[in-house]
Amino acid sequence: SDEDLLAGHVRGLHLDTPASGERRHSSSCEWLGEMEQIVGVRERIRTTVEANTGDHGFVALGFVEAKDLRRSARVLAEEPKGAAQDEVDGGALPTFCLPAATAAASSGPPPRHPRDLARFHTFCLSRATGRRRYGHCLALHHPGSAACGAAQDGSPLQAVSLVIVSDWPVAPLYERALRALLEQRLDGLPWEGLARRAREFVGVMRTVAAHDVLYLLHHPLWHPEPPSSLCAMLRWRPHTIARVLVAAMTEGKIVFHSQDPGQLLPAALALSALMSPLSFTGLYIPYLPAELHESPGELIKDSPLPFIIGLETGMLKRLGPLPAEIIVVDLQTAEVVGMRNTDHMARSEALLPLRQAVTTAAVRAHLSGPGDRGGAGGPGGAGAGAGGNAGGPS
């Protein structure tokens, strides 16, 4: 039965919470040395590292306006040549690279520096072969700033996006690289020079970091995002977290939404970590941009397949009411609606170990000290979204 399956899964579940302000990807990482001997993973990782040092693409996009992104986008630099077209069929890459939240951020008081308006988010591209590529985007909507300037045809740019698409889901590393590139652009480096710097960065990644990164990516106990990230977004509420896990484990239809698109892919990755060693086999679109699909409402409302789809909150409102069999998860308020059968199963004995683990992890994070409460993975941390400082266990 579903409850027996859930009970068997959660017995081996380990939640991770940051300790002393340090973000750890999995509490199971302490067992890596022992487990690599048990599962024989060491030789497989070494072979993979020798065969694949990662595939990266860098694109700098400029936007003449913050709407109709396909039409208004201009390729300012790319490395290698043709990267902007190769990554997404039909020239759809621009639709991922300027979320509505980025443009909205520029409507407030003027910042001290344009860099303060830059917003980082991630997205996932799934090929027909099942191969996943991860996009890492730093978007800046600041007309007239040195970072924007004008396109080659002389059109003034309203916004720019720096994008790295890679096989490697190591977002913190790419965010630091993109922010460093933005600083160099603000200091006057031309776009051609920015492409050269990006090429140098990719070269260093392939020669220096490939072994360590691929070791992690192919290890059965490592995940790009720890379960604690999703727990933090859901305010460490055991019943809420259990409902989302039940929906995923029973092949439900899950919609994540947030005003901050930077929360969407981390939430989906953290849910995958929570399910491990099982995996979700339905549609996986952690970030669905408003302009990517002609009829997003039909995709979501009429899909016969289970899915995990992430949306900006504004787009969700435009879709109107969703069917009751879809569970809708607000990552900023930690509210969950829909799919009522998950409420009963989340309260069952099968999920008791999970609810206890969440409560224990939340209490441990609170007791570890004030410095940890504001971390990305602790209760009430930045991962909880708006109003996260109010998010404790319940």
Side-chain angles (χ1 to χ4, degrees), residues 6 9-10 12-19 22-29 120-124 132 134-136 168-172 175 216-217 219-249 252 254-258 260-280 282 284-287 307-311 327-336 342 346 351 354-355 357-362 365 375-385 388 391 393:
L6 289 167
H9 173 70
V10 299
L13 182 65
H14 297 272
L15 290 177
D16 167 50
T17 54
E22 185 177 296
R23 185 188 182 92
R24 296 162 51 199
H25 286 285
S26 172
S27 60
S28 303
C29 284
F120 178 79
H121 72 279
T122 52
F123 54 90
C124 181
R132 288 177 181 170
Y134 297 91
H136 311 82
W168 299 348
V170 284
E175 181 179 5
L216 292 174
L217 295 185
H219 206 289
L221 297 180
W222 183 87
H223 301 281
E225 198 72 30
S228 59
S229 294
L230 181 61
C231 293
M233 294 179 197
L234 298 181
R235 312 286 180 86
W236 295 88
R237 296 172 180 171
H239 180 68
T240 301
I241 296 166
R243 285 191 65 185
V244 177
L245 177 62
V246 166
M249 297 280 285
I254 304 171
V255 171
F256 288 123
H257 73 95
S258 173
D260 177 11
Q263 290 186 307
L264 298 175
L265 179 57
L269 290 173
L271 179 57
S272 298
L274 199 59
M275 294 180 64
S276 178
L278 304 179
S279 58
F280 189 80
Y284 186 75
I285 314 175
Y287 173 42
F307 57 69
I308 296 176
I309 294 179
L311 305 172
I327 187 168
V328 181
V329 184
D330 188 330
L331 297 176
Q332 292 192 295
T333 65
E335 297 296 329
V336 176
T342 61
L351 272 295
L354 173 65
R355 298 195 299 270
V358 171
T359 302
T360 301

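We're numbering straight along the sequence, starting at 1.
- Note: Y287 OH to L311 CG = 9.5 Å, rounded to the nearest 0.5 Å.
- If you take CD1 on I308 and CE on M275, they are separated by 7.0 Å, rounding to the nearest 0.5 Å.
- For the pair V255/F307, a side-chain contact is recorded, criterion being any heavy-atom separation below 4.5 Å from C-beta on.
- The shortest heavy-atom contact between A270 and P226 is CB-O, 3.3 Å.
- Proximity of L274 to V244: side-chain heavy atoms (C-beta onward) are nowhere separated by under 4.5 Å.
- Between the CD atom of Q263 and the OG1 atom of T122 there is a distance of 10.5 Å, given to the nearest 0.5 Å.
- To the nearest 0.5 Å, atoms CG (D330) and CG (L234) are separated by 9.5 Å.
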- Can L271 and F280 be said to form a side chain to side chain contact (heavy atoms under 4.5 Å, CB included), step by step? CA-CA 9 Å; L271 179 57; F280 189 80; over 6 Å; no
- Query: So E175 and H136, side chain to side chain contact (heavy atoms under 4.5 Å, CB included) or not? Walk me through it.
  - Reply: CA-CA 7 Å; E175 181 179 5; H136 311 82; over 6 Å; no
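- The shortest non-hydrogen separation linking L230 to A267 is CD1-CB, 4.1 Å.
- Contact of the F123 side chain with the L265 side chain is not registered, since no non-hydrogen atoms from C-beta on lie closer than 4.5 Å.
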- Message: If you apply the rule side chain to side chain contact (heavy atoms under 4.5 Å, CB included), what do you find for L331 with L264, and how did you get there?
- Response: CA-CA 8 Å; L331 297 176; L264 298 175; 4.1 Å; yes
- Message: Would F256 and M233 count as a side chain to side chain contact (heavy atoms under 4.5 Å, CB included) here? Give the steps.
- Response: CA-CA 11 Å; F256 288 123; M233 294 179 197; over 6 Å; no
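- Atom CD of residue E335 and atom CZ of residue R237 lie 5.5 Å apart, to the nearest 0.5 angstrom.
- Taking every heavy atom of both residues into account, A232 and W236 meet most closely at CA-NE1, 3.5 Å.
- Of the possible polar contacts, none joining the S276 side chain to the S272 backbone as a donor-acceptor pair under 3.5 Å is found.
- The closest donor-acceptor contact from the side chain of R355 to the backbone of A346 lies under 3.5 Å.
- Of all heavy-atom pairs between P169 and W222, the closest is O-CH2, 4.3 Å.
- With hydrogens and angles disregarded, a donor-acceptor distance shorter than 3.5 Å links the side chain of R235 to the backbone of Q332.
- Residues P238 and T359 come closest through the heavy atom pair CG-OG1, 3.4 Å.
- Scanning all heavy atoms of the two residues, the minimum distance from E225 to L269 falls at CB-CB, 3.6 Å.
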